[in-house]
Amino acid sequence: MQNLATKFDNLTIQSDFIFKKVMSRKRICMHLLEELLQIKIADINYFEAEKSLNPDYASRGIRLDIIVADDKNTHYNLEM
């Protein structure tokens, strides 16, 4: 059986745990959004991991990996 350190060493950004840890870092998250969207973000002021949106009677619920809002109150949904 692998020990905990070996298991951790084998994780990548595609791992749910690592993705959420990395994207919870404000500086990294802002940089990623700016590079991908080719925009400038002054600040991120709202983080939430695993945001659940409950279904109504005619639909299914969903769970968002990471949701952030910038200084202009634009919300971004980050999914692996």
Side-chain angles (χ1 to χ4, degrees):
M1 190 163 132
Q2 292 179 319
N3 64 28
L4 188 58
T6 304
K7 288 180 182 180
F8 189 78
D9 287 341
N10 292 331
L11 294 176
T12 68
I13 190 69
Q14 293 175 330
S15 160
D16 187 55
F17 173 77
I18 297 295
F19 179 74
K20 287 182 178 96
K21 287 293 183 187
V22 170
M23 290 300 114
S24 293
R25 302 282 309 266
K26 187 176 188 176
R27 183 181 55 84
I28 294 171
C29 187
M30 281 178 49
H31 181 72
L32 177 71
L33 288 171
E34 289 175 337
E35 289 296 317
L36 289 174
L37 301 175
Q38 295 296 300
I39 59 174
K40 183 66 180 159
I41 298 173
D43 194 22
I44 291 177
N45 53 26
Y46 176 79
F47 280 99
E48 191 168 350
E50 291 196 7
K51 168 81 174 166
S52 293
L53 301 177
N54 296 322
D56 62 17
Y57 71 96
S59 66
R60 294 184 188 183
I62 61 169
R63 183 174 33 182
L64 308 174
D65 285 347
I66 300 282
I67 188 160
V68 298
D70 66 13
D71 54 308
K72 297 175 184 168
N73 205 31
T74 301
H75 289 74
Y76 303 93
N77 173 26
L78 304 171
E79 298 287 328
M80 174 41 50

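- Note: Met30 CE to Tyr76 OH = 10.0 Å, rounded to the nearest 0.5 Å.
- Taking CG of Leu78 as the start and CD1 of Ile67 as the end, the distance is 9.0 Å to the nearest 0.5 Å.
- To the nearest 0.5 Å, the span separating CG on Asp71 from CD1 on Ile44 amounts to 9.5 Å.
- Listed for the Asp70 side chain is a donor-acceptor partner under 3.5 Å among the backbone atoms of Lys72.
- Annotation for Gln14 and Met80: closest pair CA-SD, 3.8 Å, computed over non-hydrogen atoms.
- We find the CG-CD1 distance between Leu32 and Ile66 to be 11.0 Å, quoted to the nearest 0.5 Å.
- In terms of heavy-atom proximity, Phe19 sits nearest to Ile13 at CB-O, 3.4 Å.
- Every residue two or more places apart in sequence or in another chain that forms a side-chain contact (heavy atoms from CB on, under 4.5 Å) with Glu79 is listed here: Leu64, Asp65, Asn77.
- In this view, Arg60 satisfies the side-chain contact (heavy atoms from CB on, under 4.5 Å) rule with no residue, not counting sequence neighbours.
- Going from atom NZ of Lys21 over to atom OG of Ser15 covers 11.5 Å, rounded to the nearest 0.5 Å.
- The neighbour count for His31 NE2, taken as heavy atoms of other residues, nucleotides or ligands under 6.0 Å away, does not exceed 12.
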